[in-house]
Structure formats: structure tokens, C-alpha cells
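Comments concern the structure below.
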Amino acid sequence: MKVLTVEDNVANVGGGNEPTVVEGTPILTKEELNKGCPLGVSRVTSSLYVCGAHALPGAVRALHPGLIVSAAPELPPPPEDYVPRQLVPLLDTPNSDMHPYMESVADLINEVVSHGDVVLVHCVAGVSRSVTLCLAYLIKWQKMTLRDAYHHMKQRRPQIRPNTGFFKQLIKFEERLFCEPSVKMIYCEAIDKEIPDVYEADYSGMTWFRQRYGPIEKR
């Protein structure tokens, strides 16, 4: 079983238990990767989708999912419909313990998609909790590194941003499965906090400004 590296391009993910690796394939745009998706929904694999709460009604009507994973306990109770739901009762805070759910939800997603059904994962915004669960699935069942799984999802849903607590837990999850992590936590001078190194580019402009002009709060 090959562990994907950043040199590999992933195509047709979700057709089986392992993604197809194609060297030198062109990079598709977000619109091309999400072609046919309902508004506000992003395609993680051919059988796994992620969205925020605002897009949920349209996604259910269009995708007819075999399972909805709901990671938003602050939302009102779901409507009574035909769709089985797996609830993840966690708030989007760095102190929320996602560990007990990463593996169980990843296994459940794999079970449902292996029977040919679609899984829809959502939280409030489709940015942190739902993305963390999808990343755990990609790591365990698609055999991606955390780094590649993150970039795979970010290409499809640019707004993704699991909170730092969830990212630390994903790093430990990957390390347990693959023996070594592909992402590390680093100090970010721009915000005076630790961040995963895959977020570093987002702060490059702020870091440059701080180094040149000093902290904004002191001006």
C-alpha cells in the first residue's frame, strides 16, 4: 500500500480503498473538482462530500446520502427524514477531544461508501469539525499523509481550517498510523501562536509586515 507524497497527484479518489496515483496529471480548479455539486458543497471523494449547515437541505435533496455525519450539536434537531445520522457532539474549540471520533467516524464512512452509498459530513461552516473528520478518513482509508490530505481538501474547499487543537490531534492520529507525522506545529511570529506548518503561507504577509514595522498593536 503506497503512502502518497506531495510529488504524486491523486485522481479518482474514492473508487476503492486506495486512490489512483497518476504522475504528471494537470491540476484541476476548484470548480472542475466540484463540478455537479450542489451550491456550497465540496466533493472530497466520489462518495464523500462536506458542507456547512446552510447547504445541508440542498445537499440532501441532490445527493441522497446513505449517511449524514453531523458535527454541530449547537444546531437545532435535524428534520425527520429517511437519512441515517451519526452525531458528533463537539464544539469547535481547541480543547474539544476529537480523538474518540476520528477513527470510529472514518470506519463508518468507509463502511457506507464500500456499499456504494454517499456520505455527507457537515458542521456549522464546513471548515473545522467536518473537515477534521474527512481528513481522518483520508488518512486511514485512502492512505494519504495528513499533509497530502489537507492539500487535497484545500484544493476542493479553500476555506478549510481545522482549529489548532484538532490539527494537533490529527498529527497524533497520523503518527499512530504511519509512525511519523507529515505536518508539524511551528511558532508563527505574526500572531504569536503555534500553527500547523501547512498554515504558514497564509501568514507570510503578516509576518513580513511585523518584521518590517513591528507589531500592529504597538503602533
Side-chain angles (χ1 to χ4, degrees), residues 4 13-19 37 41-53 55-56 59-60 63-75 77-78 81-150 152-154 156-157 159-178 181-183 196:
L4 300 182
V13 178
N17 282 340
E18 184 176 6
C37 286
V41 179
S42 302
R43 180 183 290 110
V44 182
T45 73
S46 60
S47 300
L48 178 61
Y49 296 79
V50 64
C51 70
L56 190 58
V60 173
L63 298 173
H64 306 291
L67 173 70
I68 293 174
V69 178
S70 178
E74 63 268 48
L75 293 177
D81 54 28
Y82 68 93
V83 187
R85 281 175 166 79
Q86 175 68 38
L87 302 180
V88 178
L90 291 181
L91 297 177
D92 185 18
T93 69
N95 295 324
S96 291
D97 187 4
M98 186 68 84
H99 270 127
Y101 301 98
M102 285 181 183
E103 191 137 28
S104 62
V105 171
D107 290 347
L108 183 58
I109 292 172
N110 183 66
E111 180 182 350
V112 173
V113 302
S114 68
H115 287 92
D117 288 320
V118 164
V119 176
L120 177 63
V121 185
H122 83 90
C123 52
V124 172
V127 168
S128 183
R129 287 168 288 186
S130 57
V131 170
T132 299
L133 294 166
C134 290
L135 289 171
Y137 165 76
L138 292 176
I139 293 167
K140 180 169 184 182
W141 288 105
Q142 296 297 337
K143 304 303 177 186
M144 293 188 189
T145 64
L146 173 55
R147 180 175 297 276
D148 286 328
Y150 171 79
H152 173 88
M153 286 199 68
K154 190 168 179 63
R156 289 151 176 77
R157 192 171 181 83
Q159 67 266 43
I160 68 170
R161 198 172 189 81
N163 71 53
T164 55
F166 291 163
F167 229 109
K168 288 177 181 178
Q169 294 171 58
L170 283 166
I171 290 171
K172 291 182 179 178
F173 183 72
E174 179 190 26
E175 189 172 17
R176 180 171 62 80
L177 292 176
F178 293 162
S182 60
V183 176

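Scored by the side-chain contact (heavy atoms from CB on, under 4.5 Å) test, V127 finds A125, Q159, R161 as partners (sequence neighbours excluded). Listed by chain and number, the residues in a side-chain contact (heavy atoms from CB on, under 4.5 Å) with L75 are A53, A72, H122, V124 (sequence neighbours excluded). A search for ring-ring contact (aromatic ring centres under 6.0 Å, His included) contacts involving Y49 returns nothing, not counting sequence neighbours. Listed by chain and number, the residues in a side-chain contact (heavy atoms from CB on, under 4.5 Å) with A136 are M102, L170, F173 (sequence neighbours excluded). With sequence neighbours excluded, the residues forming a ring-ring contact (aromatic ring centres under 6.0 Å, His included) with F167 are Y150, Y199, listed by chain and number.
Between the CD atom in Q169 and the OG1 atom in T164 there is a gap of 10.0 Å [rounded to 0.5 Å]. In this structure, the separation between CH2 on W141 and CG on L177 is 10.5 Å, given to the nearest 0.5 Å. Rounding to the nearest 0.5 angstrom, the gap separating the CG atom in L90 from the CZ atom in F166 is 6.0 Å. Interatomic distance, CG of L63 versus SG of C37, reported as 7.0 Å (0.5 Å rounding). To the nearest 0.5 angstrom, L67 atom CG is 9.0 Å from L120 atom CG. Between atom CG of residue L138 and atom CG of residue D148 there is a gap of 10.5 Å, rounded to the nearest 0.5 Å.
Here salt bridge (charged side-chain N to carboxylate O under 4.0 Å, His left out) pairs that include residues 114-136, with residues two or more places apart or in two chains, are E74-R129. The salt bridge (charged side-chain N to carboxylate O under 4.0 Å, His left out) pairs that include a residue from residues 162-176 are E103-R176, K168-E194, where partners are two or more places apart or lie in different chains.
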Side chains of residues 91-98: which donor-acceptor pairs under 3.5 Å do they make with residues two or more places apart or in other chains?
residue: D92; atom: OD1; partner: S128; partner atom: OG; Å: 2.8
residue: D92; atom: OD1; partner: N163; partner atom: ND2; Å: 2.7
residue: T93; atom: OG1; partner: S96; partner atom: N; Å: 3.3
residue: T93; atom: OG1; partner: S96; partner atom: OG; Å: 2.9
residue: S96; atom: OG; partner: L91; partner atom: O; Å: 2.7
residue: D97; atom: OD1; partner: H99; partner atom: N; Å: 3.1

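For the pair P89 and P73, the tightest heavy-atom approach, listed with the atom from each and the gap, is C-CG, 3.8 Å. Nearest heavy atom pair, residue V131 against residue G126, reads CG2-O, 3.7 Å. The two residues P100 and S104 come nearest to each other via the heavy atoms O-OG, 3.3 Å. Scanning both residues, G66 and V112, for their nearest heavy atoms gives C-CG1, 4.5 Å. Counting all heavy atoms, side chain and backbone alike, Y137 lies closest to T45 at CE2-CG2, 4.4 Å.
In this structure, R85 contributes its side chain and P78 its backbone to no donor-acceptor pair below 3.5 Å. Under the 3.5 Å distance criterion, the side-chain polar atoms of R147 are matched with a main-chain donor or acceptor of S182.
By the 4.5 Å heavy-atom criterion applied to side chains, V44 and M153 are counted as neighbours. Taking 4.5 Å as the limit, every side-chain heavy atom of Y101 sits out of range of all side-chain heavy atoms of T132. Side-chain contact between V50 and R156: absent, with no pair of heavy atoms (C-beta onward) separated by less than 4.5 Å.
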**OP:** Apply side-chain contact (heavy atoms from CB on, under 4.5 Å) to C51 and L56, showing your working.
**Re:** CA-CA 7 Å; C51 70; L56 190 58; 4.2 Å; yes
